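Right, one structure below, let's go through it.
All values below come from the heavy atoms of this structure, side chains included, with hydrogens, waters and symmetry mates left out. Because the structure is a prediction, the values reported are computed rather than measured. To find a chain, count down the sequence lines: A is the first, B the second, and so on, and within it residues start at 1.
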Number of protein chains: 2
Amino acid sequence: MENLQHDRPRLAEALRRGELFSAECPSRDILKHITSRWGLLVLVALLDGTHRFSELRRKIGGVSEKMLAQTLQWLEDDGFVDRVSYPVVPPHVEYSLTSLGQEVARQVESLADWIELNLGRVLRARRVQ
Amino acid sequence: MENLQHDRPRLAEALRRGELFSAECPSRDILKHITSRWGLLVLVALLDGTHRFSELRRKIGGVSEKMLAQTLQWLEDDGFVDRVSYPVVPPHVEYSLTSLGQEVARQVESLADWIELNLGRVLRARRVQ
DNA sequence: GTAAGTACGTACAAAAAGGTAAGTATGGAA
DNA sequence: TTCCATACTTACCTTTTTGTACGTACTTAC
C-alpha cells in the first residue's frame with residue numbers, strides 16, 4: 001500500500017453524470033444499445049418476466065434469431081439482462097432483467113406506452129403517410 | 001352524401017392502440033424516428049425551447065448537417081416539431097416542439113436523464129468495456 | 001424414419017444509415 | 001475584396017446494420 005486511500009469507487013467516477021450531448025461520452029453507447037432497433041422491444045418484453053430465447057423471438061414480431069441474440073448480448077454486456085443457460089439438449093436458456101435493467105426498462109416502457117396509446121393522434125397529426 | 005354518417009374521426013382509428021410487438025404496426029415507424037441516432041437528442045434539445053438549425057447543430061455533438069436536417073424532417077412529418085422559416089438572407093429557420101412533441105419529448109427526456117444519472121452504475125456493472 | 005424444435009454462431013449479401021464535400025444566395029465583418 | 005455564417009440539398013462513397021441460410025447435437029412427436 002503506497003498510501004492510506006482505500007479503493008472504494010472514486011467519487012469522480014461515481015458521481016460523474018453522463019452528457020448525451022457530447023459525442024465522446026460513453027453514455028452514447030448505452031443509448032445506442034437501448035434504442036437499437038430491437039433493444040427497446042426486448043427490454044419491454046422482459047418486464048413481463050423471464051423468457052426463453054424462442055419465447056422472445058415469437059413475442060417480438062419481425063426479429064431474426066441473429067439480431068435477437070446480438071441485442072441480448074449487448075444488453076447483457078451493459079448489465080441490463082441476466083442470462084442463465086441450462087446444460088441440456090435441446091438447449092434451454094432463460095433471460096431476465098437485472099435490477100438495473102428493470103430501472104431502464106421502466107423508463108423505456110413509458111415511452112413505448114405513450115407511443116402505443118397516442119398512435120391515433122400521431123397518425124392524424126402527420127403531414128406525410 | 002350517400003348516407004348520414006358524418007366524417008368525424010372513425011372510432012376504430014381514434015381508439016386503436018398501437019402494438020409495438022407486431023411488425024406491421026405503424027407505431028414501429030414512429031418509434032424508429034424517435035429512437036433514431038439523433039432523434040432522441042433533438043427532442044431533448046428542443047425541450048429547452050426554440051432553436052435555430054445551427055444552434056441545434058452546435059448543441060448536439062457529432063451531428064452532421066445532413067443528418068440533422070433529415071432527423072428534423074422526420075420529426076416534423078410526424079407532427080412533433082414545428083418549423084418556421086423567415087424569408088431572409090442569410091436563411092433563418094426556427095424549430096420548436098408541437099404540443100404532441102412536448103409529450104413525447106418528456107418521456108424521452110426521462111429516459112435520457114436516467115442514462116445520464118446512472119452512467120456510473122452502468123459502467124461499473126458492465127462486463128465489457 | 002423423418003421432421004421439428006432448441007439456442008445460437010458464422011459466412012455472405014443486401015439494405016440502410018451515415019459522412020464528406022460542394023453548391024446556393026446574400027449580408028456583414030475584417 | 002475575400003471570407004465566414006446561414007440552412008439546407010445533392011451526389012458520391014464508406015460504414016454499419018440487418019437479413020438469409022446453413023450447421024449443430026440431440027430429443028420428441030408423427
Side-chain angles (χ1 to χ4, degrees), chain A residues 20-24 26 28-42 45-46 50-78 81-96 127-128, chain B residues 20-24 28-43 45-46 50-78 81-96 127-128:
Chain A
L20 284 169
F21 283 136
S22 71
E24 339 71 38
R28 281 275 178 98
D29 294 324
I30 315 281
L31 182 68
K32 188 192 289 183
H33 297 156
I34 295 173
T35 62
S36 69
R37 178 149 184 207
W38 309 108
L40 183 140
L41 263 14
V42 168
L46 288 179
T50 298
H51 285 67
R52 296 183 62 170
F53 185 85
S54 53
E55 289 170 347
L56 286 172
R57 175 150 169 51
R58 280 188 293 267
K59 187 165 190 167
I60 301 174
V63 220
S64 65
E65 298 192 346
K66 179 190 158 188
M67 288 316 299
L68 180 55
Q70 174 73 271
T71 303
L72 283 166
Q73 278 183 29
W74 286 331
L75 296 177
E76 197 194 350
D77 290 345
D78 285 343
V81 163
D82 201 26
R83 189 190 108 113
V84 178
S85 169
Y86 300 93
V88 294
V89 167
H92 184 130
V93 179
E94 294 189 343
Y95 291 95
S96 56
R127 303 187 315 182
V128 178
Chain B
L20 284 169
F21 282 135
S22 70
E24 338 72 38
R28 281 274 178 96
D29 295 324
I30 315 280
L31 182 67
K32 187 192 291 183
H33 297 155
I34 295 173
T35 61
S36 69
R37 178 150 184 207
W38 308 109
L40 183 141
L41 264 14
V42 167
L43 288 172
L46 288 179
T50 299
H51 286 67
R52 295 183 63 169
F53 185 85
S54 53
E55 289 170 346
L56 285 172
R57 177 151 168 50
R58 279 188 293 269
K59 186 165 191 169
I60 301 174
V63 221
S64 65
E65 297 192 345
K66 179 189 158 187
M67 288 315 299
L68 180 55
Q70 173 72 271
T71 303
L72 284 166
Q73 278 183 30
W74 286 332
L75 297 176
E76 196 193 351
D77 290 346
D78 285 342
V81 163
D82 201 26
R83 188 189 108 113
V84 178
S85 168
Y86 300 93
V88 294
V89 167
H92 185 129
V93 178
E94 294 189 343
Y95 291 94
S96 56
R127 304 187 316 182
V128 178

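Among residues at least two apart or in separate chains, salt bridge (charged side-chain N to carboxylate O under 4.0 Å, His left out) pairs with a member in residues 67-77 of chain B are A:Arg127-B:Glu76, A:Arg127-B:Asp77.
Shown here are the salt bridge (charged side-chain N to carboxylate O under 4.0 Å, His left out) partners of A:Asp82, two or more places apart in sequence or in another chain: there are none. In this view, B:Arg57 and B:Glu65 satisfy the salt bridge (charged side-chain N to carboxylate O under 4.0 Å, His left out) rule, not counting sequence neighbours. The salt bridge (charged side-chain N to carboxylate O under 4.0 Å, His left out) check on B:Asp29 picks up nothing, with sequence neighbours excluded. With sequence neighbours excluded, no residue satisfies side chain to side chain donor-acceptor pair (under 3.5 Å) with A:Arg83. By the side chain to side chain contact (heavy atoms under 4.5 Å, CB included) test, B:Val88 is found to be paired with B:Tyr86, B:His92, residues two or more places apart in sequence or in another chain being considered. With sequence neighbours left out, the side chain to side chain donor-acceptor pair (under 3.5 Å) criterion links B:Trp74 to B:Gln70. Under the rule for a side chain to side chain contact (heavy atoms under 4.5 Å, CB included), the partners of B:Lys59 that lie at least two apart in sequence or sit in another chain are A:Phe21, B:Ala45, B:Asp48, B:His51. With sequence neighbours excluded, no residue forms a side chain to side chain contact (heavy atoms under 4.5 Å, CB included) with B:Pro91.
Residue A:Arg52 is classed as a sugar-phosphate contact, given heavy-atom separations below 4.0 Å to backbone atoms only.
As a whole-Å value, the separation of B:Phe53 CZ from D:dT6 P is 10 Å. Remark: C1' of D:dT6 and CG of B:Leu56 are 14 Å apart, rounded to the nearest angstrom. If you take NE2 of A:His92 and P of D:dT28, they are 15 Å apart, rounded to a whole angstrom. In this structure, CD of B:Glu55 is placed 9 Å from P of D:dT6, rounded to the nearest angstrom.
One finds a side-chain N or O of B:Arg58 lying less than 4.0 angstrom from the OP1 or OP2 phosphate oxygen of D:dT6.
Just one residue in the list B:Tyr95, B:Phe53, B:Trp38 forms a side chain to side chain contact (heavy atoms under 4.5 Å, CB included) with B:Leu68, and that residue is B:Phe53.
Near DNA chain C, meaning a heavy atom under 4.0 Å from it, residues 65-78 of chain B has B:Lys66, B:Met67 in order of number. Listed in residue order, the members of residues 34-41 of chain B having a heavy atom less than 4.0 Å from DNA chain C are B:Arg37, B:Trp38. In the region residues 83-91 of chain A, proximity to DNA chain D at under 4.0 angstrom, judged on heavy atoms, holds for A:Val89, A:Pro90.
Each of A:Glu94 and B:Ser64 lies near DNA chain C, and the nucleotide nearest A:Glu94 is the one positioned closer to the 5' end.
For the pair B:Glu55 and B:Thr50, the tightest heavy-atom approach, listed with the atom from each and the gap, is OE1-O, 4.2 Å.
When Watson-Crick and G-U wobble pairs are counted only if both distances are under 3.5 Å, C:dG28 pairs with D:dC3.
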